[in-house]
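Some notes on the structure that comes next.
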Amino acid sequence: MEKVLGLGGVFIRARDPRALGAWYTEMLGVDMPVWGQEAGPTVVAPFPYDTDYFGLHDQQFMLNFRVSNLARMIEELQAKGVEVITKEEWNSEVGTFARIHDPEGNPIELWQPADGLDGS
């Protein structure tokens, strides 16, 4: 069976695409329009339709970015004025998590994989 090789793109509807792209580059280091991400795990998981995990009930998806040092990322984002939300119940055997929102209100999850899940 032929199968996909990886995530090929993420397309986000925006009121101001140029400003939103600049925010992702400045705050998260995601170069626009083509970002060369590091190799590592990518989780693809359906959630129940009525989940509260995404925060917005009309949101069909949530971006999740893998990071190597979540504590440092949180510090840097907060220093730039980005609100970062953490909840102990989000953390599990797969790693630690934090949540931010882009200027358009889209939820973004930041994930530091647990040792062994990140290829180490």
Side-chain angles (χ1 to χ4, degrees):
M1 177 183 123
E2 190 65 23
K3 62 181 183 175
V4 299
L5 303 175
L7 189 61
V10 175
F11 306 99
I12 305 167
R13 189 182 313 265
R15 290 185 252 335
D16 187 342
R18 187 178 307 261
L20 189 62
W23 185 90
Y24 276 84
T25 299
E26 180 184 342
M27 298 299 168
L28 301 174
V30 176
D31 295 324
M32 299 285 179
V34 178
W35 170 48
Q37 64 178 313
E38 293 183 14
T42 299
V43 176
V44 179
F47 278 69
Y49 185 77
D50 60 353
T51 185
D52 289 329
Y53 192 71
F54 296 2
L56 302 173
H57 286 284
D58 60 345
Q59 197 80 24
Q60 294 298 313
F61 69 93
M62 179 174 57
L63 294 174
N64 172 294
F65 288 116
R66 183 172 16 93
V67 302
S68 62
N69 188 321
L70 185 59
R72 186 169 44 223
M73 175 70 84
I74 289 170
E75 287 177 14
E76 291 174 2
L77 288 168
Q78 288 175 331
K80 294 177 181 177
V82 175
E83 180 183 3
V84 181
I85 303 163
T86 59
K87 292 185 179 180
E88 190 59 38
E89 64 262 22
W90 291 344
N91 301 331
S92 69
E93 66 279 353
V94 300
T96 54
F97 298 87
R99 183 88 42 90
I100 62 174
H101 290 83
D102 72 18
E104 299 269 343
N106 298 305
I108 300 168
E109 186 169 69
L110 303 173
W111 168 43
Q112 180 177 331
D115 290 341
L117 289 179
D118 60 1
S120 63

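Atom set for the values below is all heavy atoms of this structure, side chains included, hydrogens, waters and symmetry mates excluded.
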Hey, what do you get for [atom1] ([X]) to [atom2] ([Y]), rounding to the nearest 0.5 Å?
X    : Y    : atom1 : atom2 : answer
L63  : D102 : CG    : CG    : 7.5 Å
L77  : I108 : CG    : CD1   : 9.0 Å
I85  : I100 : CD1   : CD1   : 10.0 Å
Q112 : N69  : CD    : CG    : 6.0 Å
D31  : Q37  : CG    : CD    : 12.0 Å
K87  : R99  : NZ    : CZ    : 7.5 Å

Of all residues at least two apart in sequence or in a different chain, which pass the side-chain hydrogen bond (donor to acceptor under 3.5 Å, both in side chains) check with E109?
Y53, N64
With R18 via side-chain hydrogen bond (donor to acceptor under 3.5 Å, both in side chains) - residues at least two apart:
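Counting only residues at least two positions away or on another chain, R18 forms no side-chain hydrogen bond (donor to acceptor under 3.5 Å, both in side chains).
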How would you list, by chain and number, every residue that makes a side chain to side chain contact (heavy atoms under 4.5 Å, CB included) with A19, sequence neighbours excluded?
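A19: side chain to side chain contact (heavy atoms under 4.5 Å, CB included) contacts with D16.
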I'd like to know whether NZ of K80 has more than 12 heavy-atom contacts from other residues, nucleotides or ligands below 6.0 angstrom.
yes
E89 CD: over 12 foreign heavy atoms closer than 6.0 Å:
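Atom CD in E89 is crowded, with more than 12 foreign heavy atoms closer than 6.0 Å.
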Specify the closest pair of heavy atoms between [X] and [Y], including all atoms of both residues, with the distance to one decimal.
X   : Y    : answer
G95 : W111 : CA-NE1, 4.0 Å
M73 : V67  : CE-CG1, 3.8 Å
W90 : T86  : CZ3-CA, 4.0 Å

Do L28 and L7 land in one hydrophobic cluster if side-chain heavy atoms of ILVMFWY residues count as linked below 4.5 Å?
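Same cluster.
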Heavy-atom side-chain proximity of I12 to L20 below 4.5 angstrom
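Side chain of I12 against side chain of L20, heavy atoms only: contact under 4.5 Å found.
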Close side-chain approach of P113 to V94, heavy-atom, < 4.5 Å
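No, too far: nothing below the 4.5 Å cut-off.
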N91 and F97: side chain to side chain contact (heavy atoms under 4.5 Å, CB included), yes or no, with the steps?
CA-CA 6 Å; N91 301 331; F97 298 87; 4.1 Å; yes
Using 30° and 60° as the class limits, which term best fits the ring planes of W35 and F65: parallel, tilted or perpendicular?
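The arrangement is perpendicular - the two ring planes meet at more than 60°.
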Mind running side chain to side chain contact (heavy atoms under 4.5 Å, CB included) on E104 and R15 for me, showing each step along the way?
CA-CA 8 Å; E104 299 269 343; R15 290 185 252 335; 2.8 Å; yes
